[in-house]
Amino acid sequence: FVREDIRNIAIIAHVDHGKTTLVDGMLKQSGVFRANEKVDERVMDSNDIERERGITILSKNTAVYYKETKINIVDTPGHADFGGEVERVLKMVDGVLLLVDAFEGPMPQNRFVLKKALELKLKPIVVINKIDRSDARPNEVIDDVFELFLELGADDEQLDFPIVYCSARDGIAKTELEDESISLEPLFNTIIEHVPAPQGFIDEPLQMLVTTIDSNEYVGRIAIGKIERGRIRKNQQVAVCSTDGNIRNGKIVTLYTFNGLKREEVEEANLGDIVAISGIADINIGETIADVQNPEALPFVEIDEPTISMTFSVNDSPFAGREGDYVTTRHLRDRLLKELDTNVSLRVNETDSTDAFEVSGRGELHLSILIETMRREGYEFQVSRPRVIYKEIDGVLCEPIEYLTIDVPEEFVGVVIEKLGSRKAEMVNMASAINGYSRLEFKIPARGLIGYRSEFLTDTKGNGIMNHIFYGYEPAKGDIPERSRGVLVAFETGEAVTYGLYNAQERGTLFIGPGTPVYQGMIVGVCSRAEDIDVNVCKKKHVTNMRAAGSDEALRLTPPVELSLEQCLEFIAGDELVEVTPKNVRMRKRILD
Ligand code: GTP
């Protein structure tokens with residue numbers, strides 16, 4: 001059965017190449033917007049952090065109608081992959097729009113997603129946007145795209161991609177540069193002509209793979225995915241096949257399809273439809289919603305294991321500003337548990353301490369995005385330095401290894417290789433890529449990546465792009481850094497210099513955290529081994545918004561001062577935290593491990 005009335009596509013675009021403008025244009029022209037709806041409501045990537053970092057974290061769905069056909073548009077995550085999300089999203093669609101700026105050309109940031117799309121044999125359509133620009137160079141850009149496709153292993157059919165020239169700003173599209181155009185119609189037509197309609201068995205038992213989870217305080221968890229087989233009805237009893245082989249029963253309470261930027265309740269949906277379902281309270285990503293009589297699970301995309309963990313704890317440092325809206329253990333726990341609903345490669349575990357949680361994820365970026373999101377929502381908490389998750393496999397201690405891909409302008413190749421060498425990376429491949437960039441590929445222990453991203457951005461003046469995916473566990477090779485011993489904190493209150501040492505391992509407590517006020521004269525340091533003590537004095541009176549607490553990044557914000565190792569050791573001489581003065585400063589005694 002072929003759903004001729006549907007096309008499912010994903011958009012791959014670099015930040016600022018015009019994705020939002022294009023989707024807005026398609027929405028307007030497809031007549032989805034009615035007079036009283038806000039046209040400038042830009043929903044494709046509404047998350048602030050996504051906007052700032054230029055990566056889309058959650059994929060969102062939009063649907064436009066063109067004549068008789070419904071086009072479901074799913075947004076793809078940007079360059080970072082947090083545990084198979086890209087692949088899961090791409091599995092819902094039959095074609096991709098690669099949107100490229102007519103001047104800038106294809107960007108290395110999109111390689112990762114594009115490669116996945118090509119591997120999945122999706123049909124690409126290349127949309128050259130901003131052809132109205134006076135510096136547009138569409139033909140060269142197309143050559144670059146062709147080169148990129150070749151390099152990423154596109155097959156002959158994919159290399160024969162259709163091209164649409166577009167000005168999203170002006171709402172026009174054309175298939176030949178010389179054509180005249182007054183609308184986006186040629187783009188709609190190209191999608192309908194070149195992207196295969198979904199097809200499969202409509203009379204067979206239902207199968208729908210849950211790709212994304214959304215949640216809503218009124219209806220609870222909402223499962224989003226594409227119907228791979230059969231049909232689904234409101235109020236239907238279904239089977240839910242979990243990833244471990246168990247099957248349980250559930251009932252569809254509300255069934256939605258997408259229309260414009262909104263969800264629309266429907267009575268029934270069929271093979272090929274992208275739907276949202278409420279009513280199954282404990283539904284998870286990767287599960288299959290299936291027929292009660294014939295429950296059959298669909299293969300799901302493996303979710304990469306977490307390799308890095310950090311302790312999140314209630315902010316009980318004497319510097320805590322208590323300015324946040326959510327400061328208690330309960331707040332922290334509820335928020336972290338909620339995050340687990342949608343952030344599939346995240347793990348949250350209790351710790352010995354009632355007000356600290358161990359949060360594990362796919363790398364520092366993965367966790368730091370969560371930390372930033374929570375801070376913006378008004379959560380005040382502190383986090384420990386990131387730690388690598390070691391594993392014992394057959395009696396051997398193993399550590400996680402990442403496959404790191406770096407794209408940098410040629411002039412920075414030297415510094416990158418040198419820095420990574422000292423972080424125990426092993427170069428696997430080196431090639432010249434597109435736009436004057438070189439590509440370097442490494443195998444690197446996950447511990448070698450800790451703190452590297454900020455160094456990398458500095459070293460490459462913000463022009464480098466790095467991505468890593470989990471490679472596997474390998475026996476740990478010597479020199480594993482000792483567990484972080486503690487945190488040295490000293491500060492001047494005007495009355496006296498006070499200092500103390502917290503046991504970072506036990507509590508994961510660091511005094512310096514994002515948002516934690518840091519006062520003049522405060523000395524902070526993190527020591528994993530005595531030789532590593534790194535001490536800085538904060539020169540500014542009140543520094544807020546320090547990033548990624550406890551990571552090298554936060555510490556390097558302030559110029560280092562000359563403190564001898566002996567002086568540092570004096571601070572941490574005792575086994576116990578030094579009781580501090582003045583008395584208004586709360587500090588608990590902690591024993592070092
Ligand atoms: P983010 O939302 O930042 O992720 O980027 P995006 O890819 O969604 O791009 P967006 O639609 O926000 O457009 C980025 C900038 O390019 C905006 O200033 C747009 O006005 C501009 N722009 C988009 N399409 C066109 C176009 O066809 N021509 C010109 N000249 N500018 C355009």
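The chain is numbered in sequence order, starting from 1. Ligands are counted one by one from 1 in listed order, and the atoms in each one are counted from 1 as well. Just the heavy atoms: all of them, side chains too, but no hydrogens, waters or symmetry mates, feed the values below.
- Which parts of ligand 1 touch Asn129 is read off a 4.0 Å heavy-atom cut-off, strictly below it: atoms 24 (N), 25 (C), 27 (O).
- Looking at Ile182, Ile131, Leu184, Val164 one by one, the single match for side chain to side chain contact (heavy atoms under 4.5 Å, CB included) with Lys174 turns out to be Ile131.
- Residue contacts with ligand 1: Ala168 is placed with a nitrogen or oxygen under 3.5 Å of a nitrogen or oxygen of the ligand (distance criterion only).
- Atom numbering of ligand 1 starts at 1 in the shown order; those under 4.0 Å from a heavy atom of Thr20 are 2 (O), 6 (P), 8 (O), 11 (O).
- Evaluated by nearest non-hydrogen atom to atom 21 (C) of ligand 1, the leading choice among His17, Arg169, Lys130 is Lys130.
- Looking at Ala13 against ligand 1, nothing comes within 4.0 Å, counting heavy atoms.
- Taking all atoms of both residues into account, the shortest heavy-atom contact from Val210 to Ala223 is CG1-CB, 3.8 Å.
- Of all the heavy atoms of Asp132, the ones lying under 4.0 Å from any atom of ligand 1 belong exclusively to the side chain.
- Considering all non-hydrogen atoms of both residues, Gly448 and Arg423 come closest at O-NH1, 2.6 Å.
- Each of the following atoms of ligand 1 lies closer than 4.0 Å to a heavy atom of His14: 7 (O).
- When each of His14, His17, Arg133 is checked for a side-chain hydrogen bond (donor to acceptor under 3.5 Å, both in side chains) with Glu104, only His17 meets the rule.
- Looking at Ile11, Asp101, Thr21, it is Thr21 that brings a heavy atom closest to atom 23 (C) of ligand 1.
- Under the 4.5 Å side-chain criterion, counting only non-hydrogen atoms from C-beta, His331 is in contact with Tyr379.
- Asp155 has its side chain within reach of Glu157: a pair of non-hydrogen atoms, C-beta onward, lies under 4.5 Å apart.
- The ligand atoms of ligand 1 that sit less than 4.0 angstrom from a heavy atom of Lys19 are 6 (P), 7 (O), 8 (O), 9 (O), 11 (O).
- At a heavy-atom cutoff of 4.0 Å, ligand 1 is contacted by no atom of Asp24, backbone or side chain.
- The shortest N or O to N or O distance between Ser167 and ligand 1 is under 3.5 Å.
- A donor atom on one side chain and an acceptor atom on the other are not found under 3.5 Å apart for Asn61 and Arg263.
- Residue-to-ligand polar distances place Gly18 within reach of ligand 1: an N/O pair is separated by less than 3.5 Å.
- Side-chain N/O atoms of Tyr66 and Glu185 include a donor and acceptor closer than 3.5 Å.
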